[in-house]
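Owing to the predicted nature of the structure, the values given are computational and were not obtained by experimental measurement. Just so it is clear: chains get the letters A, B, ... in the order the sequence lines come, proteins before strands, and each one is counted from 1.
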Protein chains: 2
Amino acid sequence: MLCTSLAVFRQFLRREGTKSVLDAIDVAILAELQKDARLPNKDLAARVNIAPSTCLVRHRALRERGVLKGYRAEVDLGALGRPLQAVIAVRVRPHTRAVVRPFLDYVMELPETISVSHVAGPDDFLVHVAVADAVHLQQLVLDSFTSRREVAQLHTNLLFEHRVKARIPPTAQARSD
Amino acid sequence: MLCTSLAVFRQFLRREGTKSVLDAIDVAILAELQKDARLPNKDLAARVNIAPSTCLVRHRALRERGVLKGYRAEVDLGALGRPLQAVIAVRVRPHTRAVVRPFLDYVMELPETISVSHVAGPDDFLVHVAVADAVHLQQLVLDSFTSRREVAQLHTNLLFEHRVKARIPPTAQARSD
DNA sequence: GTTGAAAGCCATAATCG
DNA sequence: CGATTATGGCTTTCAAC
């Protein structure tokens, strides 16, 4: 009885477009694909203990629901001639929509940029960059940032080590098992 | 003649273990796989205008040379019940090896952590986190960070927008064409 | 929603240019 | 080093539970 009503409730949530209901198998699939996005469907199915065809349906559903946004190859920055990383904290003036969006677009176009965050805090933007060496970093800061009129203040933080997590778990509220 | 000697030189560089020599086709392959790591070999070959078998060899070589480090599925943080992101800037005391490494390990174990950077600057660490809401963020900061003895100072920056680049180009020095 | 089988297609390796 | 060809295996679809 309880099981039935829970199942009905889940279906209701899914029909309503709620993306946040993931059962144990969905979570396992997401974990495996975060570790290796190229894992063959057969192997993926074996790891999460379901049939390959079921796995295919689940995988496709996760994509269509927007839970899986894409698959990206991770490239060694040193091999690209960019062994040095930094986070450049930028404060712009004025901090208006007319300045923020063009600045984001501009920064994303720079070949050195890996990612940009627009943040609420003493600084307005955190720009993660990868460069060849200290000279390159200096050129980037001077030529591409401080030379711009809207850049009011800037702090450059050299990056010693950068760790990215291979598996981000859902919160308890986003699970249904 | 010139072409021959250039090819020989490239081969020499590759044999010597230099990771940094990428020709135009390698660059194109890396660009496509950064956009979609699950692109079938056949399609990848078509996009970079080489035969599928050649593409397979190139792709494998890039993996074995360490240029391609892995393939990761990108998951929607909102679907995981973590629609709110923040960058927590942490200063630790003392800033010694005995404190830094355990702190990095500790932070990476937190379910809220997406990535951690150990940086040189006024702050020692930048921790990128994803949480359910402001209450969750407050709990995280108080229970998992400021409660620790080595955490001397902390700034929480709410994240409005976060853009990640799909294609990071190699520097001119890392190309051979 | 899950399973199992069948068909088509792709990845892979060997061979040759 | 790159293209062509053949095969084994996987992805994918279908009907059935």
Side-chain angles (χ1 to χ4, degrees), chain A residues 1-30 32-33 36-65 67-68 70-71 73 175-177, chain B residues 1-30 32-33 36-65 67-68 70-71 73 175-177:
Chain A
M1 278 310 209
L2 182 61
C3 285
T4 306
S5 54
L6 266 174
V8 169
F9 179 61
R10 273 179 222 166
Q11 274 183 23
F12 166 76
L13 284 176
R14 290 194 182 179
R15 246 183 282 117
E16 295 304 302
T18 301
K19 294 181 187 176
S20 305
V21 179
L22 304 168
D23 66 13
I25 294 174
D26 288 329
V27 172
I29 290 173
L30 291 175
E32 292 300 329
L33 290 176
D36 180 10
R38 284 183 75 92
L39 196 65
N41 183 60
K42 193 197 177 191
D43 299 351
L44 179 58
R47 292 203 189 175
V48 302
N49 295 313
I50 56 175
S53 53
T54 308
C55 191
L56 204 69
V57 173
R58 291 260 194 175
H59 187 170
R60 186 186 301 148
L62 287 169
R63 248 181 290 148
E64 285 169 358
R65 285 161 66 192
V67 179
L68 276 171
Y71 313 91
R175 302 186 58 147
S176 67
D177 49 357
Chain B
M1 278 310 211
L2 182 61
C3 286
T4 307
S5 54
L6 267 175
V8 169
F9 179 61
R10 273 180 219 165
Q11 275 185 22
F12 166 76
L13 285 176
R14 291 194 182 179
R15 248 185 280 117
E16 296 303 303
T18 301
K19 294 181 186 177
S20 306
V21 178
L22 303 167
D23 66 13
I25 295 175
D26 288 330
V27 172
I29 290 174
L30 291 175
E32 292 299 329
L33 290 177
D36 180 10
R38 283 182 75 92
L39 197 65
N41 182 60
K42 193 194 177 188
D43 299 350
L44 180 58
R47 293 205 189 173
V48 302
N49 295 314
I50 56 175
S53 57
T54 308
C55 190
L56 204 69
V57 173
R58 290 261 195 175
H59 188 169
R60 185 187 301 149
L62 288 169
R63 248 181 291 148
E64 286 171 356
R65 284 161 66 193
V67 179
L68 276 170
Y71 314 91
R175 301 186 58 146
S176 68
D177 49 358

Phosphate OP1/OP2 of D/dG2: any B/Arg58 side-chain N/O under 4.0 Å: yes
A/Arg38 (side chain) donor-acceptor with B/Ala37 (main chain) under 3.5 angstrom: yes
Polar side-chain atom of B/Asp23 near backbone of B/Ser176 as donor-acceptor pair, under 3.5 Å: no
Nearest non-hydrogen partners of A/Asn41 and A/Pro52, listed with the distance: ND2-O, 3.0 Å
Min side-chain heavy-atom separation A/Leu22-A/Leu62 under 4.5 Å: yes
Nearest-angstrom distance from the residue atom CG of B/Leu44 to P of D/dG2: 14 Å
B/S/- contact track for nucleotides 3-17 of chain D, protein heavy atom under 4.0 Å: BB-----SSSB----
Identified side chain to side chain contact (heavy atoms under 4.5 Å, CB included) counterpart of A/His59 within the set A/Thr54, A/Leu33, A/Leu30: A/Leu33
